[in-house]
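Here's the structure we're looking at; comments come further down.
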Amino acid sequence: MELGLQIPNFTWPNGPAGLGGDLAAIARTADQVGFGYLAVMDHFFQIRGVGPSEAEMLEAYSTLGFLAAHTERATLLTLITGVHHRPAGLLAKTLTTLDVLSGGRLMLGIGAGWNEEESRGLGFPFPPLAQRYELLEETLRYLLQMWSDDDGPFTGRHIRADRLLNSPQPLTRPHPPIMIGGGGEKKTLRLVARYAQACNLFNTPELGHKLDVLRRHCEAEGRDYNEITKTVYQLMDIGENGEKVGELVEELHRLHDLGFGMAIGAVPQLPRLDVLERIGAEVIPVVRQF
């Protein structure tokens, strides 16, 4: 089992002036101690459950580019990009650029999006949910064409383009892996079965049921269920002094037994580096043996 570090909160003691140094140190440490993935949220306002809207929030792909420069091994992704945040062509070029400059370490994390407050606040389009799902599927088709040898036109209900030229192409071939986030049983998990290399689910009592639904969608799509990496959002909380290490390892073992190959989540004690080092010493070596 692999672990990923998500960084959802940038309100730290050193303030905005210290963010660059703090974030670089976190990225280097996480990379060195064995986190396989580094993720940030794709939000423009801070979200409920993490902090007030007015709290510090960095733009996701600029931040991932910064993280790429301070790491060597970890896969880089958003958890999760809202499909309505960027036009498909801009998203494709942004993703390709990150994959090329990171040496092929990009994973696309994408979903239908949800935070109306930030979209209305900043003037981004916020279509109804049904339309966002349509846009999500079109965007996935668009990206897969742009990452292929077909540089012809693209025509969809919401996206039209004359020539999907993409030079250079990503280093990751045939294309960067796609993670679709969310547990919607009718649409989201169907899109996972049709297009994705990974899913991401929240750790709820319905996890086993969600995987059963995904398996049925794979059967309907003629897709090998085992090709899809099952990832789960799990808080990486070992306590202030490591008192919860055993509890976290036990929960990760349970998730692995359910069928999850990766767990990704926040470390509440950031920007403390000693907590990352302890996870690297006492958690990661154990879960890699699951």
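Counting only heavy atoms from C-beta outward, the side chains of Leu106 and Thr96 never approach each other to under 4.5 Å. Considering only heavy atoms from C-beta on, Asp150 stays 4.5 Å or farther from Leu164 through its side chain. For the pair Leu136 and Ile110, the minimum side-chain heavy-atom distance is below 4.5 Å. Proximity of Leu76 to Val40: side-chain heavy atoms (C-beta onward) are nowhere separated by under 4.5 Å. Contact check for Asp257 versus Phe290: no side-chain heavy atoms found under the 4.5 Å cut-off. Within the 4.5 Å cutoff, the side chain of Met179 has no heavy atoms near those of the Gln197 side chain. Contact of the Thr71 side chain with the Arg105 side chain is registered, since non-hydrogen atoms from C-beta on lie closer than 4.5 Å. Side-chain contact between Thr78 and Tyr61 is present, with heavy atoms from C-beta onward closer than 4.5 Å.
Taking every heavy atom of both residues into account, Met236 and Gly265 meet most closely at CG-O, 3.8 Å. Residue Asp31 comes nearest to Ala74 through the heavy atom pair OD1-N, 2.8 Å, listed as atom of the first residue, atom of the second, then distance. Closest heavy-atom contact between Ala88 and Ile159: CB-CD1, 3.8 Å. Between Ile264 and Ala39, the closest heavy-atom pair is CD1-CB, 3.7 Å. Nearest approach of Leu38 to Leu64, heavy atoms of both residues: O-CD2, 4.2 Å. Closest of all the heavy-atom pairs between Ala263 and Leu252 is CB-CD2, 3.6 Å.
Linking ILVMFWY side-chain heavy atoms closer than 4.5 Å, directly or via other members, places Leu108 and Ile80 in two distinct hydrophobic clusters. Note: the hydrophobic cluster containing Leu3 also contains Leu5 (ILVMFWY, side chain heavy atoms under 4.5 Å, direct or indirect links). Note on Leu207 and Leu248: same hydrophobic cluster, where clusters join Ile, Leu, Val, Met, Phe, Trp and Tyr whose side-chain heavy atoms are under 4.5 Å apart, directly or indirectly. Leu135 and Ile178 end up in the same hydrophobic cluster when Ile, Leu, Val, Met, Phe, Trp and Tyr side chains are linked at under 4.5 Å. Note on Met1 and Leu79: separate hydrophobic clusters, where clusters join Ile, Leu, Val, Met, Phe, Trp and Tyr whose side-chain heavy atoms are under 4.5 Å apart, directly or indirectly.
Asn200 places no side-chain N or O within donor-acceptor distance of the main-chain N or O of Gly182, the cut-off being under 3.5 Å. A donor-acceptor pair is defined here as one N or O able to donate and one able to accept, closer than 3.5 Å; such a pair exists between the side chain of Gln289 and the backbone of Pro285. In this structure, Asn241 contributes its side chain and Glu243 its backbone to no donor-acceptor pair below 3.5 Å. One N or O on the side chain of Arg223 and one on the backbone of Ala196 form a donor-acceptor pair closer than 3.5 Å.
A distance of 5.5 Å separates CG in Leu189 from NE2 in His217, rounded to the nearest 0.5 Å. Separating the CG atom in Asp151 from the CZ atom in Arg163 is a distance of 5.0 Å, to the nearest 0.5 Å. The structure places CZ of Arg272 at 14.0 Å from CG of Asp22, a figure rounded to the nearest 0.5 Å. Rounded to the nearest 0.5 angstrom, Gln6 CD and Leu235 CG are separated by 9.5 Å. In this structure, Met262 CE and Thr231 OG1 are separated by 4.5 Å, a value rounded to the nearest 0.5 Å. Rounded to the nearest 0.5 Å, atoms CG (Leu77) and CG (Leu98) are 10.0 Å apart.
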- [ ] Take Glu251 and Arg254, measure what salt bridge (charged side-chain N to carboxylate O under 4.0 Å, His left out) needs, and give me the verdict at the end.
- [x] CA-CA 5 Å; Glu251 179 61 9; Arg254 184 187 73 86; 2.7 Å; yes
Task: Chi angles and distances behind the side-chain contact (heavy atoms from CB on, under 4.5 Å) call for Val267, Asp237 - done: CA-CA 6 Å; Val267 172; Asp237 187 6; over 6 Å; no
Task: Candidate pair Glu137 and Arg190, rule salt bridge (charged side-chain N to carboxylate O under 4.0 Å, His left out), full reasoning - done: CA-CA 10 Å; Glu137 183 159 15; Arg190 177 184 62 80; 3.6 Å; yes
TODO: Output, in order, the C-alpha distance, side-chain angles, deciding distance and verdict of side-chain hydrogen bond (donor to acceptor under 3.5 Å, both in side chains) for Thr81 and Asp42.
DONE: CA-CA 5 Å; Thr81 281; Asp42 187 19; 3.1 Å; yes
TODO: Test Val287 against His253 for side-chain contact (heavy atoms from CB on, under 4.5 Å), laying out the working first.
DONE: CA-CA 7 Å; Val287 303; His253 199 294; over 6 Å; no
Task: Criterion salt bridge (charged side-chain N to carboxylate O under 4.0 Å, His left out) on Arg215 and Glu219, from CA distance to verdict - done: CA-CA 6 Å; Arg215 189 186 298 274; Glu219 291 171 355; 5.7 Å; no
- [ ] Please lay out, stage by stage, how Ile26 and Trp12 fare under the test side-chain contact (heavy atoms from CB on, under 4.5 Å).
- [x] CA-CA 12 Å; Ile26 288 167; Trp12 295 332; 3.4 Å; yes
TODO: Start with the C-alpha gap between Gln269 and Glu240, add the side-chain angles, then the distance that decides, and say whether side-chain contact (heavy atoms from CB on, under 4.5 Å) holds.
DONE: CA-CA 7 Å; Gln269 295 82 14; Glu240 293 297 318; 3.6 Å; yes
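Ring centroids of His43 and Trp114 are separated by less than 6.0 Å, placing the two rings close together.
Sorted by first then second residue, the salt bridge (charged side-chain N to carboxylate O under 4.0 Å, His left out) pairs that include residues 46-70, not counting sequence neighbours, are Glu59-Arg86. Listed by first and then second residue, the salt bridge (charged side-chain N to carboxylate O under 4.0 Å, His left out) pairs involving residues 280-290 are Arg278-Glu282 (not counting sequence neighbours).
Classified by interplanar angle (parallel below 30°, tilted 30° to 60°, perpendicular above 60°), the ring pair Phe66/His70 is tilted.
Phe124 belongs to a hydrophobic cluster with Phe44, Phe45, Leu122, counting contacts under 4.5 Å between side-chain heavy atoms of Ile, Leu, Val, Met, Phe, Trp and Tyr, direct or through other members.
For the pair Arg132 and Phe126, the cation sits on the ring face: its NZ or CZ lies under 6.0 Å from the ring centre, inside 45° of the axis. A cation-pi arrangement is present between Lys230 and Tyr225 under the rule of less than 6.0 angstrom and at most 45 degrees off the ring axis.
Side chains of Gln169 and His175: a donor-acceptor N/O pair is absent below 3.5 angstrom, by distance only.
In Asp149, the CG atom is not crowded: 12 or fewer heavy atoms of neighbouring residues, nucleotides or ligands sit closer than 6.0 Å.
Exactly one residue among Glu117, Gln46, Glu118 makes a side chain to side chain donor-acceptor pair (under 3.5 Å) with Ser53. That residue is Glu117.
Salt-bridge annotation for Arg157 and Glu138: absent, with no side-chain N of the basic residue lying under 4.0 Å from a carboxylate O of the acidic one.
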